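The block underneath contains the structure these notes are about, expressed in structure tokens.
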There are 2 protein chains.
Amino acid sequence: MDKGIRPNRNTVLRLTQYKNMLHRLKSLGFERVFSDNLAGAVGVTASQVRRDFAFFGISGNKRGGYAIDALIEKMRSLLGKGSIQKVIIVGAGHIGQALMHYKGFVKEGIRIVAAFDIDAQKQDQHQRIPVFSMECMQPYAREHDIKLGIICVPEHAAQEVFDQMLDTPIEGVLNFAPMRLIAHRDCEVHNVNVGLELETVVYFVNAKHQGVRYADSAS
Amino acid sequence: MDKGIRPNRNTVLRLTQYKNMLHRLKSLGFERVFSDNLAGAVGVTASQVRRDFAFFGISGNKRGGYAIDALIEKMRSLLGKGSIQKVIIVGAGHIGQALMHYKGFVKEGIRIVAAFDIDAQKQDQHQRIPVFSMECMQPYAREHDIKLGIICVPEHAAQEVFDQMLDTPIEGVLNFAPMRLIAHRDCEVHNVNVGLELETVVYFVNAKHQGVRYADSAS
DNA sequence: TAGATTGTTAATCGATTAACAATC
DNA sequence: TAGATTGTTAATCGATTAACAATC
């Protein structure tokens, strides 16, 4: 019976961080790890590691810690890496290109299989990752049963692209356009807003400078 | 006397979202806004908007809501946009290029003034945003009193670049390399890890599929 | 065994939301 | 004035941490 408990974004983010760190530890020759080690490496508390593990049904040995191989295997299955995850990109501009060339995905079982763009200049079906015209997107996604899409088109085109995606088997979207997408059916949408991130850094740097004061004494 | 209260990342993220939305509302001809409107537009509760505003010392009229112009002005000063924020980029690969071409920064008072790369091929001092050799980074940052840097180099070079930045006036860094940077002095570091974000989406999509169950019944 | 580490519960912390008195 | 909206306090919610009994 499903408990209906759903891990939140942060919990899953930590899980992937654990996994990445475990890969590294393994490559360094380690075979077992303690919650303590892992916590230090990822930058959280040991309590948190154990609680997260408990949450995902991962258990270790009361004195020997956790076997790295078993841990990696368990996480692989949790993160759905039994099969390769096919992803398409819409928008082959700079960000799209950056993602197409990003090496990190391969070892995580994520594979970007195609990109789409309205600009005929950017279309090229003979690259490692082919870039097709926009019209091909829906047929392609349906035929290959694509579950994941990345949106890197300008803001004014993002909702339109998203609507088109919702008319395919796509169930998860990573959105780089700086806006909230409105979904007409269930779909997991995560936003990456580089502008906001940079502005946030700017804020903190300035705040530090002017010895900020809040509420009572503001300007 | 400084209260020592420090807004967290999420609060500041919301603040910038409010600001962006206010710009949009203004361009649509609105002059005043209620916490209710703004909340709906950004996707939070009205209570949250009012609490955030109170936190930053922003006040409105008990019946007339908030004057958009005054609100924008207030936020501009809070987010440190009195002067233009100069930013440098290290690593002129795909992500670096994407950021150099990103239009959104200009209107926020953020200006990317230069980029640096070890690859002589990528260097070009005659573009709108010049790309210099790595050796120029520290002298440039010192001479122009740069406070903000963006790291878009491969993982193996990121810490080295960061160390170099810490030897300049830089106080805030946006890091795209998928690793934790270690700081030898105080510096505001925010990480953008696209790989993690995508993996997180993958997780949720898979979880939905296999009707996940946790803790008790796992594998 | 003695010592160390897990697994889990209770305590703490912080952030969000609801409610409502103040007031325009 | 009556009605609506703010500003603020108290209640709620959820996530993190500390503590410790179980146990390898």
Side-chain angles (χ1 to χ4, degrees), chain A residues 3-18 22 25 30-68 70-71 74-75 78 200 204 214-219, chain B residues 3-18 22 25 30-68 70-71 74-75 78 200 204 214-219:
Chain A
K3 290 242 202 80
I5 305 172
R6 197 165 183 265
N8 64 23
R9 206 191 87 110
N10 287 341
T11 308
V12 177
L13 268 178
R14 283 198 302 274
L15 196 67
T16 56
Q17 287 181 294
Y18 298 149
L22 287 167
L25 290 173
F30 289 93
E31 292 183 354
R32 304 193 70 81
V33 69
F34 302 122
S35 58
D36 215 17
N37 310 145
L38 201 52
V42 170
V44 298
T45 64
S47 281
Q48 178 119 72
V49 171
R50 294 201 297 274
R51 215 191 94 296
D52 284 340
F53 281 11
F55 182 74
F56 287 106
I58 293 170
S59 55
N61 277 12
K62 279 258 151 79
R63 228 184 65 88
Y66 305 83
I68 291 183
L71 221 43
K74 179 78 193 179
M75 291 190 178
L78 274 173
T200 306
F204 283 112
Y214 294 107
D216 48 1
S217 63
S219 164
Chain B
K3 290 242 202 81
I5 305 170
R6 195 167 184 266
N8 64 24
R9 206 190 86 109
N10 286 343
T11 308
V12 177
L13 268 178
R14 281 198 302 275
L15 195 67
T16 57
Q17 288 181 293
Y18 298 148
L22 287 168
L25 290 174
F30 289 94
E31 292 183 355
R32 305 194 68 81
V33 69
F34 301 123
S35 57
D36 215 17
N37 309 145
L38 201 51
V42 170
V44 300
T45 64
S47 281
Q48 178 118 73
V49 171
R50 294 200 298 274
R51 216 192 94 295
D52 285 340
F53 281 11
F55 183 73
F56 287 107
I58 293 170
S59 56
N61 277 12
K62 278 258 153 78
R63 228 185 64 90
Y66 305 82
I68 291 182
L71 221 44
K74 179 80 192 176
M75 290 189 177
L78 274 172
T200 305
F204 283 111
Y214 294 107
D216 48 1
S217 61
S219 167

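Atom set for the values below is all heavy atoms of this structure, side chains included, hydrogens, waters and symmetry mates excluded. As the structure is a prediction and not an experimental result, all values here were calculated from the model. Just so it is clear: chains get the letters A, B, ... in the order the sequence lines come, proteins before strands, and each one is counted from 1.
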Contact check, side chains of [X] and [Y], non-hydrogen atoms, under 4.5 Å:
X: A:Val44; Y: A:Val49; result: yes
X: A:Arg14; Y: A:Val42; result: no
X: B:Leu78; Y: B:Ile58; result: yes
X: B:Leu38; Y: B:Leu22; result: yes

Check every strand shown and say whether [X] touches a base, only sugar-phosphate, or nothing at a heavy-atom separation below 4.0 Å.
X: B:Ser59; result: sugar-phosphate
X: A:Ser47; result: base
X: B:Phe53; result: nothing

Tell me which nucleotide, if any, is Watson-Crick or G-U wobble paired with C:dT8 when both distances must be under 3.5 Å.
D:dA19
Partner of C:dC24 by Watson-Crick or G-U wobble geometry, both contacts under 3.5 Å, or none?
D:dG3
Tell me the closest heavy-atom pair linking [X] and [Y], and the distance in Å.
X: B:Gly64; Y: B:Arg32; value: O-NE, 2.7 Å
X: A:Pro7; Y: A:Phe56; value: CB-CZ, 4.1 Å
X: B:Met75; Y: B:Phe53; value: CE-CE1, 3.6 Å
X: B:Tyr18; Y: B:Asp52; value: OH-OD2, 2.7 Å

By nearest heavy atom, map B:Asn61 and A:Val44 onto DNA chain D; which one lands nearer the 5' end?
B:Asn61
Taking only heavy atoms on the protein side, list every residue of residues 31-43 of chain A lying under 4.0 Å from any atom of DNA chain D, sorted numerically.
none
Interface limits on DNA chain C, where chain B has a heavy atom under 4.0 Å of a nucleotide atom:
C:dA15 to C:dC24
